[in-house]
Amino acid sequence: MAAVTKSIQAAASFYAAQLLQCAKQAPTSSTTLRMIHAHMIASGFTPRSHVLNRLMDLYCKSTNIAYARQLFDEIPQPDVVARTTFITAYSSSGDLKLAKEIFDTTPLDIRDTVCYNAMITGCAHNSDGNAAIEHFCEMKRYDFCADNFTYTSVLFGLSLVAEYESDCQQFHCEIVKSGTGFVTSVVNALISVHVKCASSPFVTPSLLMAAARRLFDEMPLKDELSWTTIISGYVRNDDLNSASQVFDGMNEKLLVAWNALISGYMHKGLASKALELSRKMHSLEIRFDEFTYTSILGACASAKLFLHGKQVHGYIIRTVKHPARDFLFSVNNALIALYWKCGKVDDARTIFDRMPIRDLVSWNTILSAYVDVGRIDEARSFFNEIPEKNELTWSVMISGFAQNGLGEEGLKLFNQMRSYNHQPCDYSFAGAIISCAVLASLDHGRQLHAQLIQSGFESSLSASNSLITMYARCGVLQDSQSVFLTMKSVDSVSWNSMIAALGQHGHGGQAVDVFDQMLKEDIVPDRITFLTILSSCSHAGLVDQGQHYFNLMHELYNITPGEDHYGRLIDLLCRAGKFTEAVDMIQKMPFNPGVPVWEALLGGCRIHGNIELGIKAAEKLFELIPHHDGTYILLSNMYANLGKWNDVSRIRNMMRVRGVKKEPACSWIEVDNMVNVFLVDDTKHPEVQMVYKYLEELVFKMKKLGYVPDTKYVLHDMENEQKEYALSTHSEKLAVAFGLLRLPCGAMIRVFKNLRICGDCHNAFKFMSQVVGREIVIRDGKRFHHFRNGKCSCGNYW
DNA sequence: GTAGGGTTAG
């Protein structure tokens with residue numbers, strides 16, 4: 001008997017040793033495990049607890065959890081070690097529910113600290129910070145002793161949910177009391193909690209970072225993690241000076257620390273700093289890894305440093321044998337982004353096509369690239385090819401449609417997403433809301449606003465910013481102001497949207513006030529801010545202010561004005577009739593003037609009847625964009641105003657020869673959640689006859705108040721009576737008359753037109769607003785006009 | 001049988 005026991009013991013220790021060997025070389029292949037296992041069975045050895053536990057653990061780690069579970073289920077009363085193995089295995093494979101089931105069925109009298117630790121880690125790793133804390137509290141309640149592992153794990157969980165300083169302080173006290181306050185791993189975790197909590201909106205980041213720094217400075221023994229946690233903490237919280245200060249104090253600088261700092265500079269848009277560090281690394285012969293490359297390429301992409309980025313790409317090709325294979329996704333994805341941001345979308349696509357396997361980031365980046373450069377048809381068909389879509393995929397495509405003026409497509413896709421039971425994220429909502437802005441569909445926009453709140457995205461920045469734009473572009477400026485004023489936190493996009501909203505409605509003075517307010521609150525204006533403020537000044541005729549801001553842009557904020565900024569400045573000058581200054585500015589520009597500049601000049605010339613300069617601008621535009629209808633129309637309008645009908649027909653003829661078609665004018669109005677569209681001389685709308693009749697009555701009353709139809713706006717040569725009739729069939733007049741007939745008494749009339757409002761209609765609506773005693777709001781291609789009591793908000797400056 | 005830091009798309 002003694003001999004048998006001895007031989008079983010020998011076998012057990014033999015297998016235990018073999019399995020231990022496997023564990024050291026983990027993960028063990030399932031084949032090896034099965035061979036050892038088969039050997040046990042064949043030799044008649046029935047493994048008991050610790051050998052079996054080790055076997056199950058190895059099966060789990062070789063991703064064979066299901067088979068391990070079969071073995072587990074055959075054990076009559078599995079011990080706590082076996083249970084802990086499964087708690088860990090299930091939670092690291094993402095199945096927290098199964099882990100919890102094993103934990104909950106573990107009798108209290110066999111539980112120990114380790115199994116609680118495993119459960120706490122499992123919750124934290126599956127981003128359930130609160131459950132981690134609950135299990136921690138439970139173990140304290142049952143008097144289990146918390147150890148270093150417990151604290152590091154529960155602190156990790158806490159770092160997911162900590163929002164207030166008190167969360168950090170409470171655990172700090174707990175740790176000091178427990179006596180683990182000097183244990184490196186525990187203090188590291190505590191620093192990490194402070195760092196992550198510092199990004200919460202409810203705390204003062206600098207205070208928490210100062211507390212983290214004290215912990216770091218006062219810890220007796222720092223390890224690699226202590227350094228990288230504090231450095232990356234500063235990076236996360238936008239304090240790169242402190243990050244680099246601590247970094248400089250490191251004796252042996254770790255690759256992770258280099259990477260954290262480089263990525264910090266990259267995210268802050270400080271590409272030159274990021275590249276400077278990478279050059280230093282290179283001279284110290286520190287090998288770059290995947291993370292380094294990704295951040296450097298990101299820096300080149302955001303700064304559009306194409307040549308530098310291309311050099312890095314070349315270096316990767318030379319030094320890494322199989323970039324596509326060795327750096328599975330991230331580096332290749334960063335390369336895609338580099339080529340895209342530098343305007344080489346087709347090269348980006350080539351990289352994508354050459355990747356042997358791609359992840360969602362690869363697909364989404366290419367999709368964003370197509371959307372970004374307005375290649376919307378390619379984006380659409382690429383979108384359809386994407387095998388698995390996430391919320392980003394949908395939101396990029398939805399807002400892509402909206403940004404490219406395809407509001408209807410945007411809304412359709414948003415609805416399709418929901419019909420597939422995909423819960424829209426805040427960015428998708430933003431895309432759908434901007435679609436409503438494009439379509440000027442206020443009813444629909446309001447519905448989405450309500451759904452947004454129901455879905456819990458009320459505090460989302462991107463969604464709220466889209467609401468500012470939507471309400472403004474639907475004509476209800478007050479609502480966009482109240483969204484802006486009630487936002488908990490705002491960013492530069494919010495300010496830009498608000499300034500643009502005021503500008504479009506002709507409130508240049510208020511736009512300037514908001515801009516000044518923005519500066520007072522230390523928000524740094526960007527390129528877009530200056531575009532919107534220049535437009536706002538232009539719409540309101542604030543020439544001096546506009547010029548002041550244009551100068552401020554590069555003098556104070558170091559933003560080099562682009563062609564678009566020059567375009568707005570020229571627009572500002574020309575509208576005010578300052579052609580000498582405008583031409584002077586065009587000659588002084590640091591680059592060849594392009595489309596925005598010539599269009600601004602032509603537009604100004606049309607307002608002031610400056611035919612000579614207008615012809616020059618138009619000729620340039622004919623060269624640059626020969627198929628754009630607007631140039632021909634503006635020029636022919638100018639000739640028509642001067643009665644030069646020969647020139648008018650010459651231009652019309654040019655259009656015919658070149659195959660340029662005029663975009664037909666159309667206006668629309670929303671009544672009872674339905675959009676009603678009217679074309680010039682409309683015959684299609686079912687109620688149009690009634691509209692014509694009503695319009696006739698109105699014009700009769702308007703004439704009594706002094707309205708004289710201004711036939712110079714009829715751009716065809718015909719008899720005067722015919723001209724007057726032609727004016728009365730303009731789409732915007734039909735839409736307004738329809739609104740007056742169908743909308744409730746006193747309701748504001750909001751009409752939208754694809755092109756600019758006609759001069760006679762502009763005059764007519766002033767009289768009309770007086771006759772009917774209601775406010776009429778028109779959004780044309782450029783801006784808003786509010787007609788009230790015989791006056792327009794634009795002060796005739798448009 | 002249990003732990004903690006760095007990457008890419010809006």
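Order of the sequence lines fixes the chain letters, A, B, ..., with proteins taken first and strands second; residue numbering starts at 1 for each chain. Side chains are part of it too, since the values below use all heavy atoms of this structure and drop only hydrogens, waters and symmetry mates.
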For the side chain of [X] and the base of [N], is some donor closer than 3.5 Å to an acceptor across the two?
X	N	value
A:S330	B:dT7	yes
A:T88	B:dG1	no
A:S185	B:dA3	yes
A:D289	B:dG6	yes
A:T152	B:dG4	no

Using a heavy-atom cut-off of under 4.0 Å over every strand shown, decide if [X] touches base, sugar-phosphate, or nothing.
X	result
A:V80	base
A:C425	base
A:D426	nothing
A:M397	nothing
A:Y427	base
A:W340	sugar-phosphate
A:T121	sugar-phosphate
A:N188	base

Distance in angstrom units between [X] [atom1] and [N] [atom2], rounded:
X	N	atom1	atom2	value
A:L190	B:dG5	CG	P	14 Å
A:I175	B:dG4	CD1	C1'	12 Å
A:F171	B:dG4	CZ	P	15 Å

Any side-chain N or O of [X] less than 4.0 Å from the OP1 or OP2 oxygen of [N]?
X	N	answer
A:S263	B:dT7	yes
A:H125	B:dT2	no
A:K341	B:dT8	no

Rounded to the nearest 0.5 Å, how far apart are NE2 of A:H313 and CD1 of A:I296?
14.0 Å
Could you check whether A:F149 and the base of B:dT2 form a stacked pair, meaning centres closer than 5.5 Å and planes differing by less than 30°?
yes
Ionic contact status for A:K196 with A:D167, cut-off 4.0 Å
no
Within 45 degrees of the axis of the six-membered ring of A:F103 and under 6.0 Å from its centre: does A:R111 put its NZ or CZ there?
yes
